[in-house]
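In what follows, a single structure is set out as structure tokens and then discussed.
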Amino acid sequence: MTVVQRPWWKDGVVYQIYPASFKDSNGDGIGDLNGIISELDYIRSIGVDVIWICPMYDSPQVDMGYDIRDYEDVYAPYGTVQDMERLINETHDRGMRIILDLVVNHTSDQHKWFQESRSSKDNPKRDWYIWRPARTVNGERKPPNNWVSNFTGSVWQWDELTQEYYLHLFCPEQPDLNWENPETRQAIYKSAMEFWLERGVDGFRVDTVNMYSKGEMLDAPVTDPGSEWQPAGLQYCNGPRMAEFLAEMNAVLEKYDAMTVGECPNTPDMKRVLQYVSAKERQLNMVFQFDVVDVGQGPYKFQTTPKNYTLPHFKRAIARTQDLIRPPSDGWTTVFLENHDQSRSITRFTSDAPEHRVAGGKMLALMMAALSGTLFIYQGQELGMTNFPESWDMSEYKDVDSSNYYKMVAQRTNNDPTALAAAHKSLQHLARDHSRVPMSWSTGPHNGFSPPDAKAEPWMRPLEDANVCNAKQQKTNEKSVLAFWKHMLQVRKEYSDLLVHGQYDDLDVEHPDLFVFSKTWKGKKAVTICNFTDKAQALEFPRQVRDEKRELLVSSVDQPGDGELAAFEGRIYLLA
Ligand code: TEU
Ligand code: CA
């Protein structure tokens with residue numbers, strides 16, 4: 001089989017849509033498929049090639065659709081399968097492609113497979129999920145191991161009816177499928193993949209893809225002595241049968257020329273990541289590593305304070321993802337700073353102070369457009385949307401991840417007000433909720449997310465700053481973050497050899513304020529320089545490129561100074 005050097009998914013720019021929060025067409029306060037269809041021209045105008053739709057499947061929404069009840073149906077408030085068919089066609093009509101979220105590590109506990117599985121020990125689908133008897137420790141019933149779930153508490157849920165535990169790496173309402181069972185795997189391919197591939201989708205973002213093979217499920221070492229349940233991500237990710245499962249899955253995907261981008265948490269071993277993305281291994285086209293978005297996080301994601309990292313930390317994380325394509329690698333990589341599991345990048349990595357947010361948003365756009373790999377933009381990022389403010393109280397946080405964390409802190413500290421204030425503060429910085437607020441479309445009622453005469457309030461509170469940050473106003477403002485993104489995506493296309501495919505080198509990893517990196521491609525070279533501080537900095541190039549002749553390709557500010565970079569200014573130079 002010949003390997004295509006530039007398949008469509010390498011140069012493509014992907015725009016991620018969170019259906020609940022993108023656009024509400026019928027005024028029930030929840031985004032929907034008709035809302036997405038109505039904004040396809042807007043999306044196209046940004047310069048995007050592919051849209052990725054977060055789970056729109058039938059679901060009880062314990063984890064916002066990552067708990068799927070029926071792969072072959074659509075969550076009713078979002079629309080119907082017919083609406084999806086229309087969305088697929090309308091996307092294709094505009095020359096774009098569409099990928100869906102493939103969530104097959106687990107289902108909802110309301111999926112009919114699980115309903116059958118839990119009904120009796122000898123049900124034919126019993127083995128489709130992961131059931132284990134209890135351990136007895138000092139006469140007490142205990143789960144089979146000590147693993148902590150991604151949303152706090154044990155990964156094991158006791159089921160009274162059949163007197164066994166089942167495994168759930170996420171919520172108890174998200175039981176893990178048993179990938180060891182070949183019949184289960186075939187059912188997954190048919191229901192979750194082929195059903196939609198037959199309807200024309202162009203690929204999948206593959207949720208928690210490295211968790212399918214769980215290995216021996218032994219106790220994890222105690223790294224959190226205050227808890228009975230221990231982090232075990234390094235054990236349940238990247239298990240022994242991953243390559244085999246992915247090869248099997250790929251046989252289905254290749255029939256449709258479908259692309260895959262796999263979510264790849266808990267994988268510090270770069271050799272492992274390289275295997276997943278290597279072209280000749282044929283496992284996944286590319287992955288989302290967590291290196292960059294984990295910068296500044298504590299041992300448990302939220303156990304930290306805002307901006308608890310240095311610029312060299314950030315640069316080293318970027319280097320780890322960029323190095324995936326360094327020769328002799330035949331792999332591919334991704335560029336992203338945001339998604340529905342992350343708070344906003346301007347807040348995290350620059351400054352969301354009113355005087356800096358536009359500059360910060362533009363600089364990050366420039367930096368991302370200059371990095372190699374497939375570029376992913378999350379809805380609202382193109383407008384420079386930021387986190388919601390500290391003044392919003394805990395009732396505005398709707399995500400199970402946030403509320404479980406807050407409850408855990410309350411329980412562990414006996415409701416200590418200082419600890420709870422710290423928990424609130426870290427959530428204000430890192431909670432998944434910040435990316436899930438309604439899109440700010442205009443200054444109208446509900447920020448234009450719902451129609452003016454909507455019968456219900458939006459499911460999450462809209463941001464208060466739509467007067468300075470909304471799509472309608474930015475479309476006609478050439479100085480807007482949106483206008484700059486459009487420009488950068490054009491620049492990226494025009495110089496795709498260097499910017500999308502070039503080899504990355506950090507020119508001064510230890511510099512605490514400036515991020516300077518080069519991209520090279522067959523004798524051509526570009527240098528990107530970004531000022532990550534809120535003050536002007538002298539424009540000084542590292543020795544490797546100091547004496548080279550250079551021509552300014554683009555700056556993120558209107559009037560770039562001669563010997564100085566403005567606060568949060570980025571530039572790309574072409575070297576002669
Ligand atoms: O996320 C899986 C994941 O590993 C994390 O990013 C997760 O969100 C984090 O541990 C919580 O702090 C995927 C989805 O992107 C996420 O939205 C789902 O909640 C999760 O899988 C379960 O399907
Ligand atoms: Ca709606």
Side-chain angles (χ1 to χ4, degrees), residues 46 292-293 295-297 305-315 317-318 335-339 342-371 375-390 428-431 434-435 437 439-440 463-471 473-474 477-489 491-492 511-517 528-537 539 554-561 564-572:
I46 305 169
V292 178
V293 291
V295 163
Q297 292 188 357
T305 48
K307 301 271 161 75
N308 190 14
Y309 65 89
T310 63
L311 189 60
H313 287 135
F314 179 79
K315 294 191 240 184
I318 299 259
V335 186
F336 72 100
L337 290 180
E338 292 186 15
N339 60 42
Q342 303 296 330
S343 63
R344 293 294 189 174
S345 56
I346 291 180
T347 306
R348 282 188 73 183
F349 302 119
T350 61
S351 162
D352 58 15
E355 67 276 28
H356 292 306
R357 56 181 294 173
V358 170
K362 290 183 181 179
M363 183 190 76
L364 292 176
L366 178 140
M367 180 199 81
M368 289 178 74
L371 290 171
L375 176 58
F376 291 78
I377 303 171
Y378 179 75
Q379 66 181 48
Q381 185 175 7
E382 80 280 17
L383 304 175
M385 286 175 70
T386 61
N387 283 13
F388 56 74
E390 244 180 295
Q428 196 278 320
H429 205 63
L430 290 176
H434 297 287
S435 58
V437 299
M439 268 283 278
S440 298
L463 293 181
E464 287 146 45
D465 62 3
N467 56 324
V468 295
C469 177
N470 73 71
Q473 174 268 334
Q474 293 198 22
N477 175 358
E478 61 190 25
K479 295 193 185 330
S480 65
V481 177
L482 175 63
F484 191 71
W485 262 110
K486 290 183 187 176
H487 179 58
M488 282 316 303
L489 293 185
V491 171
R492 182 173 169 85
H511 200 299
D513 303 323
L514 301 182
F515 185 13
V516 198
F517 60 86
T528 300
I529 183 161
C530 293
N531 172 10
F532 269 79
T533 72
D534 58 6
K535 293 175 194 60
Q537 300 283 343
L539 178 64
V554 54
S555 160
S556 63
V557 303
D558 294 332
Q559 283 167 328
E564 202 175 75
L565 284 169
F568 298 115
E569 178 184 353
R571 297 184 189 179
I572 303 176

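Residue indices begin at 1 and follow the sequence shown. Quick caveat: nothing in here was measured; it's all calculated off a predicted structure.
In this structure the side chain of Arg571 reaches within 4.5 angstrom of the side chain of Leu565, judged on heavy atoms. Asp513 has its side chain out of reach of Lys535: every pair of non-hydrogen atoms, C-beta onward, lies at least 4.5 Å apart. Using a 4.5 Å heavy-atom cutoff, the side chains of Leu311 and His511 are not in contact.
Counting only distance, with no hydrogens or angles, the side chain of Thr386 and the backbone of Ile346 share no donor-acceptor pair below 3.5 Å. Proximity of a side-chain donor or acceptor of Asn531 to a complementary backbone N or O of Ala536 within less than 3.5 Å is not detected. Lys486 contributes no side-chain N or O that, together with a main-chain N or O of Val481, makes up a donor-acceptor pair within less than 3.5 Å. Judged purely by atom type and a 3.5 angstrom limit, Glu382 uses its side chain to pair as donor or acceptor with the backbone of Gly380. For Asn470 (side chain) and Ser440 (main-chain N/O), no donor-acceptor pair under 3.5 Å exists by modelled atom type. Side chain of Gln474 to main chain of Leu482: a donor-acceptor pair is present (N/O by atom type, distance under 3.5 Å, no hydrogens or angles).
Classification of the Phe515-Phe532 ring pair by plane angle, with boundaries at 30° and 60°, yields tilted. Between Phe388 and His434, the ring-plane angle classifies as tilted under the 30° and 60° cut-offs.
Other residues, nucleotides and ligands contribute at most 12 non-hydrogen atoms within 6.0 Å of the CD atom of Glu478.
In this view, His313 satisfies the ring pair (Phe, Tyr, Trp, His ring centres under 6.0 Å) rule with no residue, not counting sequence neighbours. With sequence neighbours excluded, no residue forms a side-chain hydrogen bond (donor to acceptor under 3.5 Å, both in side chains) with Ser480.
Here the closest heavy-atom approach between residue Met385 and residue Leu463 is recorded as CE-CD1, 3.7 Å.
Annotation: salt bridge (charged side-chain N to carboxylate O under 4.0 Å, His left out) contacts involving residues 345-360, sequence neighbours excluded, comprise Arg357-Asp465.
The one candidate from Leu371, Leu375, Val293 that meets the side chain to side chain contact (heavy atoms under 4.5 Å, CB included) condition with Phe336 is Val293.
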